[in-house]
Amino acid sequence: MHVEQLHPWPSSVPEAEALQDRLRSRVELDGPSAFELIAGLDVHYRGDDALTAAVVVLDAGTLEPVEQVVAQGEAAFPYVPGLFAFRELPALVTALERLKTTPDLLVCDGYGLAHPRGFGLACHLGVLTGLPSLGVGKTPFVGTHEPPGDERGSWTPIVHEGATVGRALRTQRGVKPVYVSQGHRIALDVATEQVLRLAARYRLPEPIRHADHLARHP
DNA sequence: GCGACAG
DNA sequence: ATCTTGTCGC
């Protein structure tokens with residue numbers, strides 16, 4: 001599939017923040033509510049710089065994989081909370097470009113709107129591809145929230161600077177919640193519904209589990 | 001001002 | 001993210 005060019009690549013923290021501020025204006029917080037092909041994305045680190053990016057496309061109905069690609073790369077930026085996306089974007093974009101199929105939803109490992117400048121990895125990937133995207137975080141980042149109830153499917157809003165930026169969602173009874181936020185071209189209700197449906201058996205949604213496995217065992 | 005901070 | 005054993009539970 002086609003992905004928009006990354007350049008110019010930021011060479012400093014202020015440049016990276018400015019790029020996020022600029023691209024943020026392109027995020028759309030509403031879009032389709034049904035999807036045929038759903039991609040999971042993840043990266044596995046192998047040392048200081050080396051990393052493997054993996055993308056697995058699943059049939060939304062059967063949850064069977066229909067295509068999977070990997071790309072070897074290097075961390076393209078130092079790890080700075082809030083600028084995490086710049087580490088993994090080049091390798092993830094390379095992997096996406098190797099896809100023969102075009103998914104209609106990207107399920108990203110990390111945050112989208114629930115980010116210090118409202119532009120996490122999921123937003124960035126959504127804007128570059130033009131595809132609906134959402135982020136699934138495994139630990140809290142920005143904002144505050146109450147613990148969701150124990151039942152699968154219960155959730156509480158994540159509030160940051162007075163606005164709802166995501167949801168803490170219990171995908172399974174007896175496990176820690178995951179943190180869902182919008183990336184691009186998707187409503188929060190739809191993102192929540194998709195994550196819950198994709199996490200029918202485990203804490204994390206199936207597309208991310210597949211991508212994580214592939215990145216670790218290419 | 002200080003600490004905490006997605007992966 | 002990654003370095004790492006045993007242990008509890010289905």
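Values in this document were obtained by computation on a predicted structure and should not be read as measured data.
- Centre separation under 5.5 Å together with a plane angle under 30° does not hold for the ring of Y179(A) and the six-membered base ring of dA6(B), so they are not marked as stacked.
- Between dG7(B) and T139(A), a contact under 4.0 Å exists linking OP1 or OP2 to a side-chain N or O.
- Using a 4.5 Å heavy-atom threshold, the side chains of F119(A) and L23(A) count as touching.
- Taking the six-membered ring for Trp and the full ring otherwise, the centers of F77(A) and W9(A) sit at least 6.0 Å from each other.
- Between the C1' atom of dG7(B) and the CG atom of L89(A) lies a distance of 12 Å, rounded to the nearest Å.
- Nucleic acid contact class of P116(A) (heavy atoms, under 4.0 Å, all strands): none.
- Of the listed residues (D109(A), V195(A), L169(A), L198(A)), just one forms a side chain to side chain contact (heavy atoms under 4.5 Å, CB included) with V136(A), and that residue is V195(A).
- Taking atom CZ of F119(A) as the reference point, atom P of dA6(B) lies 19 Å away to the nearest angstrom.
- In this structure, CG of D42(A) is placed 12 Å from C1' of dA6(B), rounded to the nearest angstrom.
- Nucleic acid contact class of G135(A) (heavy atoms, under 4.0 Å, all strands): none.
- Other residues, nucleotides and ligands contribute over 12 non-hydrogen atoms within 6.0 Å of the CD atom of E15(A).
- Side chain to side chain, Q182(A) and Y111(A) fail the donor-acceptor criterion of an N or O pair below 3.5 Å.
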Query raised in the report: Could you walk me through whether H184(A) and E28(A) pass the side-chain contact (heavy atoms from CB on, under 4.5 Å) check?
Result: CA-CA 5 Å; H184(A) 183 49; E28(A) 297 169 27; 3.9 Å; yes
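- Base contact: L83(A) has a heavy atom under 4.0 Å from a base atom.
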Requested in this report: Show the numbers, then the answer: is there a side-chain contact (heavy atoms from CB on, under 4.5 Å) between L134(A) and V107(A)?
Outcome: CA-CA 5 Å; L134(A) 64 86; V107(A) 177; 4.0 Å; yes
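- Residue-level contact check: L51(A) touches neither bases nor backbone, having no heavy atom under 4.0 Å from any strand.
- Consecutive Watson-Crick or G-U pairing (both distances under 3.5 Å) never extends over three or more pairs in DNA chain B.
- Residues L58(A) and E64(A) have side chains not in contact (no heavy-atom distance under 4.5 Å, counting atoms from C-beta outward).
- For F141(A) and dA4(B), the CZ to C1' distance is 10 Å, given to the nearest whole Å.
- Among the atoms of the strands shown, only primed sugar atoms or phosphate atoms (P, OP1, OP2) are found under 4.0 Å from some heavy atom of G137(A).
- Phosphate contact (OP1/OP2 of dC5(B), side-chain N/O of Y111(A), threshold under 4.0 Å): absent.
- Nucleotide dA6(B) holds its C1' atom 15 Å from the CZ atom of F77(A), rounded to whole Å.
- The NE2-P distance, from H115(A) to dA6(B), rounds to 11 Å in whole Å.
- Following rounding to the nearest Å, I208(A) (CD1) and dA6(B) (C1') show an atom-to-atom distance of 12 Å.
- Put simply, the side chain of V57(A) does not reach to within 4.5 Å of the side chain of P65(A), judged on heavy atoms.
- Aromatic stacking of F84(A) on dG7(B): not satisfied for centres closer than 5.5 Å together with planes under 30 degrees.
- Going from atom OH of Y45(A) over to atom P of dG7(B) covers 10 Å, rounded to whole Å.
- Geometric assessment of R209(A) against the ring of Y202(A) yields a positive cation-pi assignment under the 6.0 Å and 45° thresholds.
- Contacts between chain A and DNA chain C, taken as any atom within less than 4.0 angstrom of a protein heavy atom, begin and end at dA1(C) to dT2(C).
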